[in-house]
Amino acid sequence: MTPRITRAYTGLTCGLALALSLLLFRASAPSLWLPVLALVMLTVVTENFAFELPIVGSVSLSFAAIFAALLYSGPFAAILCALAASSNLEDFRSKKPLTFRVFNAGQLALSAGLAGLVYFGLGGRSLVAEPDSGIHLLAATSAALTIYISNVLLVGLFVSTLQHSKLSAVLREQGFLSYGFSMMVLALLGVMVAQLLALGSWWGLLLLIMPFLAARRTFRVYAELTEAYTSTVRSLVTAIEAKDPYTRGHSERVAVYARRLAERMAFSRADLDLLERAALLHDVGKIGIELDTLTSPAQLSAEEVRAIRQHPVIGSELVGDVEFLSDVVPIVRHHHERFDGAGYPDGLVGESIPLLARVLAVADSYDAMTSDRAYRPGMSQEQALVEIARVAGKQLDRDMARQFSALIADGPVEGIG
Amino acid sequence: MVPRPTDKHYMGMPGQALFLVALWVLAAGGLWLAWEQRPPDFSPVAAAGLVAAFFAVRLMTIRLPRGDDVYVTVAVGLVGLAIADVATVMAAFAGAASVESVARFAPSSKAGALFRLLDGVRGTAVIGLMAPWQLLLHPHATSNLQSGDLIIAWLLAVGFIWVVVDLLTISAQQSISGGQSVVQGMSTLLRPLLSVYLVHVSMAAVAVRLYVESGAWSLPVALLLTLILQNSFNLFLRIRRAYSDTIGALAHAAELDRPHDSGHARRVADLAVAVGRRMGLSSLELERIGYAALLHDIGRMGDVGEDPSGVHARRGADIVGSVPFLKDVAPLIDGPEETSGRRQPIGADIVRTCSHYDRLRGERGAEAAMEALAIEAGGLQGRVLEALDEIVRAKTLGSGVGR
């Protein structure tokens with residue numbers, strides 16, 4: 001159930017939006033309905049094929065249509081487009097709570113209406129009324145900024161009432177800066193759409209929209225492939241690992257532990273993905289080591305120890321062949337460094353060890369302790385936690401070791417079967 | 001289009017030079033025709049803008065999954081033809097291309113920079129070939145552009161011709177340096193590039209349409225949108241590349257405990273794709289063959305010694321088949337039909353033959369390996385062996401500069 005304060009806030013937003021719409025309808029009812037209708041149609045189409053642009057997650061292309069409606073016809077047309085933009089069929093199908101949908105319509109309409117007030121207040125004129133006047137640069141820029149700021153604030157407040165968190169925290173978390181960049185690009189697209197409408201160039205409009213439709217399709221395939229990438233790496237690493245019964249499933253478990261620990265420490269989404277890939281690949285350099293050395297129950301010779309200590313280097317070189325994984329290289333290379341500098345291969349100390357390599361080291365150590373080896377049985381969870389606490393600050397990052405112990409103590413880690 | 005500067009591309013150098021000279025003769029003819037109708041008028045502002053635009057588009061190189069780099073600059077060229085004279089556009093392109101090639105690639109690879117420069121020579125000639133069509137955009141041989149939506153139609157027409165000429169000359173250049181026919185080259189290029197060409201031509205048309213009636217602001221805005229759209233295609237191609245690189249790296253890792261096999265998978269992949277291409281397989285099939293060749297020995301992991309019964313092939317096919325992305329690759333790794341009992345695509349035969357050849361070559365050299373293969377098969381029969389034989393012979397001829 002949505003909190004009462006969120007519902008009250010939604011009501012307030014929609015009330016304001018409605019009042020503004022009525023006011024603006026009297027002042028700026030469209031004189032030419034056909035182009036406005038076309039824009040509304042365009043919004044419905046783009047919105048229902050939810051547009052994603054590569055620069056940021058999902059900024060809907062309908063923002064361009066809303067802005068174009070504002071420049072071409074006026075605030076009331078913009079509000080119509082905003083309402084069309086919130087009519088997402090996908091939301092109906094996925095049974096999003098009614099409050100969410102109503103709020104979305106309200107906030108978009110309110111933002112569009114406010115932007116209209118700013119645009120005309122600063123002396124902008126609609127293109128349909130004065131086709132030769134061109135677009136008032138200052139007014140148009142301010143209007144775009146108004147939509148952006150009002151949209152960000154309204155949504156931020158909504159999320160903060162929902163999660164009972166501070167507005168500033170929400171704003172920081174949602175990455176609104178890159179969102180702003182996409183809004184700017186889409187505003188430029190909106191300017192072109194408005195001008196083409198004013199020239200009556202329907203062919204131009206078609207040609208302008210088509211590439212964006214093609215880009216959207218490509219970008220969707222890209223997103224799917226990116227998503228499948230990690231699972232492809234996982235399957236292959238699992239297959240390669242299968243040769244050694246003692247490390248079977250090790251990388252996959254380390255990936256889960258590392259990811260949960262990083263989530264607990266509030267790392268960014270990009271860091272989580274990076275860490276997961278690094279964890280899956282961290283022992284890929286071990287494949288080159290003779291099976292006998294890895295599984296030998298006896299004490300290792302100096303030669304064999306040297307061979308094993310090479311695995312982070314070999315692994316990072318293998319991974320380095322893949323341009324896409326260049327960020328993974330330092331994490332794989334340094335996952336056996338120790339906080340006190342006694343680790344290998346480079347003997348880095350403390351904070352000079354890459355952050356994600358330190359996270360990986362904690363997860364790796366814990367899984368190594370709790371699994372069976374040829375030369376010893378695995379420790380119990382309690383024994384391993386005692387050991388982790390003992391080496392915190394020496395082998396492992398103290399803060400991370402503490403967070404990890406808390407994670408394990410909280411109960412079974414999701415994803416470890 | 002810039003082919004990877006590998007050994008085989010050096011072989012066609014005299015042919016390349018001849019081709020470029022011929023292209024320039026044609027381009028000169030086109031330029032002369034256009035100048036008869038409309039004398040050049042140089043505008044420094046347009047020239048500077050075009051140099052900057054060409055440069056920006058070229059920085060956003062498109063990297064195809066196989067490792068080739070492609071430049072698509074049609075949008076800037078088309079707009080250039082509309083707002084400036086051909087000589088200016090050619091000069092701007094040549095300038096931007098040479099600065100970009102040298103500054104970006106010369107420090108790391110002299111050969112890379114040289115091949116990009118040669119591509120610049122081709123690209124400049126292509127603009128010259130477009131000169132006569134410029135008259136479509138400017139009626140009555142004046143510098144006034146067509147107005148209304150008619151200009152869009154003309155730009156689409158010129159853009160279409162441009163794309164065809166661009167693809168044709170790139171493929172011809174590739175075909176001279178060895179390998180596939182011109183038609184095959186065009187079809188393998190067209191698939192990944194079609195969307196990018198579409199973006200370029202239509203954005204150029206919109207930009208010029210707005211330029212005529214509402215001012216030059218539309219040109220930089222359209223350029224920015226074009227770059228952003230192209231970037232989304234680049235991301236897509238980048239992830240494709242990431243897949244092939246990663247699979248290569250993991251295949252390499254799987255080879256680490258068999259030192260005598262080091263590099264085998266990579267060599268077989270290069271060879272098998274070359275054989276498949278010579279046989280005229282589609283780019284989708286080539287991609288699968290490449291993956292299959294990289295992974296064909298993954299079933300040998302942890303095994304020592306010979307495996308005559310082909311158990312490792314079945315194991316490898318099972319491993320690879322468990323990865324959804326590689327589902328269609330698994331049948332290419334499985335043993336021959338007699339032992340696996342499944343019907344196999346031609347790609348499986350290619351991978352197996354190339355792998356066998358690579359091992360024999362390691363033992364006794366290329367020629368003897370080919371002979372041994374022929375004896376085993378009872379003569380150079382079958383399309384796979386024929387294609388392999390042609391490639392091996394071309395390689396041995398060019399081995400003076402080979403790797």
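All heavy atoms count here, side chains included; hydrogens, waters and symmetry mates do not. Just so we're on the same page: letters track the sequence lines, and every chain starts at 1. Owing to the predicted nature of the structure, the values given are computational and were not obtained by experimental measurement.
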When the 4.5 angstrom heavy-atom criterion is applied to B:Ser214 and chain A, the contacting part is side chain

Best-contacting candidate, A:Leu199, A:Val233, A:Leu208, against chain B by heavy atom pairs under 4.5 angstrom: A:Leu199

Name the region of B:Leu250, side chain, backbone, both or neither, that has any atom closer than 4.5 Å to a heavy atom of chain A. both

Between A:His336 and A:His282, is the ring centroid distance below 6.0 Å? no

Picking from B:Val72, B:Val163, B:Val79, what satisfies side-chain contact (heavy atoms from CB on, under 4.5 Å) with B:His200? B:Val72

Contact winner vs chain A - B:Val199, B:Leu198, B:Leu295, B:Val196, heavy-atom pairs under 4.5 Å: B:Val199

Centres of the B:Tyr243 and A:Phe324 rings: under 6.0 Å? no

Between B:Glu287 and B:Arg240, is there a side-chain N and carboxylate O pair less than 4.0 Å apart? yes

Heavy-atom pairs under 4.5 Å with chain A, option from B:Ile319, B:Ile152, B:Leu210, B:Leu156 with the top count: B:Leu210

Based on non-hydrogen pairs under 4.5 Å, which of B:Gly215, B:Ala207, B:Ser202 is most in contact with chain A? B:Ser202

I need the residue from A:Thr232, A:Asp321, A:Leu225 with the largest number of non-hydrogen atom pairs under 4.5 Å to chain B. A:Leu225

Under 4.5 Å heavy-atom distance to chain B, tell me which part of A:Leu189 shows up: side chain, backbone, both or neither. both

Name the option with the most non-hydrogen atom pairs under 4.5 Å to chain A; the candidates are B:Val221, B:Leu225, B:Thr246, B:Thr226. B:Thr246

Give a yes or no on whether a salt bridge exists between A:Glu276 and A:Arg234, defined as a side-chain N under 4.0 angstrom from a carboxylate O. yes

Name the region of A:Leu281, side chain, backbone, both or neither, that has any atom closer than 4.5 Å to a heavy atom of chain B. side chain

Side chain, backbone, both or neither of B:Ala205 within contact of chain A (heavy atoms, under 4.5 Å): side chain

Output yes when B:Arg267 and B:Asp270 qualify as a salt bridge under the 4.0 Å nitrogen-oxygen rule, no when they do not. no

Just checking A:Leu206: does its CG atom have more than 12 heavy atoms from other residues, nucleotides or ligands closer to it than 6.0 angstrom? yes

Between B:Val201 and B:Val158, is there a side-chain heavy-atom distance shorter than 4.5 Å? no

I need the residue from A:Ala198, A:Ser201, A:Gly204 with the largest number of non-hydrogen atom pairs under 4.5 Å to chain B. A:Ser201

